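Down below is the structure, laid out as structure tokens.
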2 protein chains.
Amino acid sequence: MASDVAVPGTRRGRRNDPERRDRIIDACLDVIAEAGVAGTSHRKVAEAAGVPLGSMTYYFAGMDDLLHEAFTRFAVTGSEQFVRRMSDAADHDSARAAVVAIITEDVFGSARDLVLTHELYTLAARRAEYRTITSAWMARSRAALELHFDPETARQLDALIEGLTIHRALDAETRDAAEVVRAVERIAVPVRTAALIAPTPLPEG
Amino acid sequence: MASDVAVPGTRRGRRNDPERRDRIIDACLDVIAEAGVAGTSHRKVAEAAGVPLGSMTYYFAGMDDLLHEAFTRFAVTGSEQFVRRMSDAADHDSARAAVVAIITEDVFGSARDLVLTHELYTLAARRAEYRTITSAWMARSRAALELHFDPETARQLDALIEGLTIHRALDAETRDAAEVVRAVERIAVPVRTAALIAPTPLPEG
DNA sequence: ACCCGATGTGTACAGACGTACTCATTTGTG
DNA sequence: CACAAATGAGTACGTCTGTACACATCGGGT
């Protein structure tokens, strides 16, 4: 180990390399995705980023600081993709199709993001300082959905995306894409007719 | 430390105390709820359960074995509560009310269960052996919902419960109980009229 | 030309961790 | 009554952890 890194006496001194900080954050997300927050350590991240161990405490106040920055970046880039998909949609139909695509593609297309999302939620469930990240993320998602749906529908769609994504990932059964389409259609009624269907008391017979 | 536990020369030998194993599992869930899987260690669980450290490796093959058993118990007791609520409901109306209650009460009423759920999901997202636990849990939940709703509605309701619970826990905004009622009503149309609404192409407006 | 502060690195340390292993104790059996 | 197996406790060991800190290196000011 440590054959390519930490050759004594080389590459030291003043360089002011902000890129290095970014690389560490990205590497941190990689490590979290692979080993979980539980298995994330300064050493693993340093090795993944190709920086010496000392850089960890130099660039970040501590492990929590690093995790916070990493998940903030994850949430920001994630919601950016979400917003882009929604603003690319021209009408309600394509917006609904985009929602279906987001669900069936497992959040943003990779298992990595799913794992990272759960790690973030787990942290947020216990620690309020991470909840600001999830709150901001959900707020951006809802705002994107509100480009095409009324606020209440947006919130419900957001929740449906969350639930269906999780169930499709963690359970072998809920995998039928056509069913996802129908689920979205039950919620995402066009704005003008939503009021006619949703709050109406259900027929009993 | 270790003043009430581990007095040398006392309480040793053959006792065959299955209760002790249970106590360790319960204590393990307590520790996970408080410190997360990341912060769970043999020592903390042993202290919480009031057993010596050596009992950890005696009763369980290792940390993973302990976690697996703990989460299995958690999932079983959790789904039992879910099933009971559903079978207690007499008709569709009270079933829908029960679903709303489950969501608004944060899974089963405590933040502890929410945290544990996320910890389990995080594990399951990465490791297939924990996914059998989540799969079984979701299957039991769906079966309970199918006492009152058709299979597709049950799956969608299950997903909605998941998503709304998470969003209500991790986001300060989605807290209006009346909105939960309306969300459930959009999905949980009575069996006979569901076919009339759900698969129908949406009016374009 | 020289030096000083800024910037980044290498290492050492104290503690916590999982687990293996030895040994004490009790209970069923002969 | 004695013995052996079952059961559980205590401890020690090697590994890995976060973090502090001394120090090397370089750019810019004089």
Side-chain angles (χ1 to χ4, degrees), chain A residues 1-25 27-28 31-32 34-70 119 123 127 129, chain B residues 1-25 27-28 31-32 34-70 119 123 127 129:
Chain A
M1 71 198 79
S3 61
D4 53 340
V5 193
V7 177
T10 56
R11 309 282 289 118
R12 289 199 177 196
R14 177 191 205 123
R15 230 173 330 122
N16 198 353
D17 188 3
E19 208 183 308
R20 174 155 305 209
R21 197 167 190 282
D22 284 349
R23 276 225 318 282
I24 294 175
I25 294 177
C28 182
V31 172
I32 295 170
E34 191 183 345
V37 169
T40 298
S41 68
H42 276 166
R43 279 161 237 264
K44 280 183 192 166
V45 175
E47 190 183 11
V51 301
L53 175 61
S55 295
M56 292 297 119
T57 47
Y58 180 75
Y59 286 106
F60 302 93
M63 198 66 202
D64 259 358
D65 185 31
L66 174 58
L67 286 178
H68 200 90
E69 295 234 22
E119 295 282 351
L123 241 48
R127 313 249 305 267
E129 63 264 36
Chain B
M1 69 198 81
S3 61
D4 53 341
V5 193
V7 177
T10 56
R11 310 282 289 122
R12 289 199 176 198
R14 179 194 203 119
R15 229 171 332 120
N16 197 354
D17 188 3
E19 209 183 306
R20 175 155 306 208
R21 197 167 190 281
D22 284 350
R23 275 226 318 281
I24 293 174
I25 294 177
C28 182
V31 172
I32 294 170
E34 192 183 344
V37 169
T40 299
S41 68
H42 276 166
R43 280 161 234 264
K44 281 183 191 166
V45 175
E47 190 184 10
V51 301
L53 176 60
S55 295
M56 293 298 118
T57 47
Y58 179 74
Y59 286 106
F60 302 93
M63 199 64 202
D64 258 357
D65 186 30
L66 174 57
L67 286 177
H68 200 89
E69 295 234 23
E119 295 282 351
L123 241 47
R127 313 249 304 267
E129 63 263 37

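Values below: every heavy atom of this structure, side chains too, minus hydrogens, waters and symmetry copies. Residue numbers start from 1 in every chain, and the chains themselves are labelled A, B, ... in the order their sequence lines are given, proteins ahead of strands. On a predicted model such as this, the values are computed, not experimentally measured, just so you know.
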Are any non-hydrogen side-chain atoms of A:R21 and A:E69 less than 4.5 angstrom apart?
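Yes - at least one pair of side-chain heavy atoms lies under 4.5 Å apart.
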Validation row: B:V45, B:S41 side chains within 4.5 angstrom (heavy atoms)
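Side chain of B:V45 against side chain of B:S41, heavy atoms only: no contact under 4.5 Å found.
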For B:R127, what residues pass the side-chain hydrogen bond (donor to acceptor under 3.5 Å, both in side chains) criterion, not counting sequence neighbours?
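For B:R127 the side-chain hydrogen bond (donor to acceptor under 3.5 Å, both in side chains) partners, ignoring immediate neighbours, are B:D64, B:E129.
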Grab the [atom1]-[atom2] distance between [X] and [N] for me, whole Å please.
X: B:Y59; N: C:dG18; atom1: OH; atom2: P; result: 19 Å
X: B:R23; N: D:dG8; atom1: CZ; atom2: P; result: 12 Å
X: A:D65; N: D:dA20; atom1: CG; atom2: C1'; result: 17 Å
X: B:M63; N: C:dA16; atom1: CE; atom2: C1'; result: 13 Å
X: B:Y58; N: C:dC23; atom1: OH; atom2: C1'; result: 14 Å
X: A:L67; N: D:dT19; atom1: CG; atom2: P; result: 10 Å
X: B:R20; N: C:dT26; atom1: CZ; atom2: C1'; result: 14 Å
X: A:M56; N: D:dA20; atom1: CE; atom2: P; result: 15 Å

What residues, two or more places apart in sequence or in another chain, satisfy side chain to side chain contact (heavy atoms under 4.5 Å, CB included) together with A:S55?
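A:S55 satisfies side chain to side chain contact (heavy atoms under 4.5 Å, CB included) with A:I24, A:V51, A:P52, A:Y59 only.
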Partner set under side chain to side chain contact (heavy atoms under 4.5 Å, CB included) for A:A38, not counting sequence neighbours
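Scan of A:A38 (side chain to side chain contact (heavy atoms under 4.5 Å, CB included), adjacent residues dropped) gives B:A38.
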For A:S55 and C:dT9, is the shortest distance between a side-chain N/O and OP1 or OP2 below 4.0 Å?
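Indeed, a polar side-chain atom of A:S55 lies that close.
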Grab the N/O contacts between the protein and nucleotides 11-17 of chain D below 3.5 Å, and write none if there aren't any.
unit_1	atom_1	unit_2	atom_2	d
D:dT17	OP1	A:S41	OG	3.3

Going by the rule ring pair (Phe, Tyr, Trp, His ring centres under 6.0 Å), which residues pair with B:H42 if we only count those two or more places apart in sequence or in a different chain?
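Per chain and number, B:H42 pairs via ring pair (Phe, Tyr, Trp, His ring centres under 6.0 Å) with no residue.
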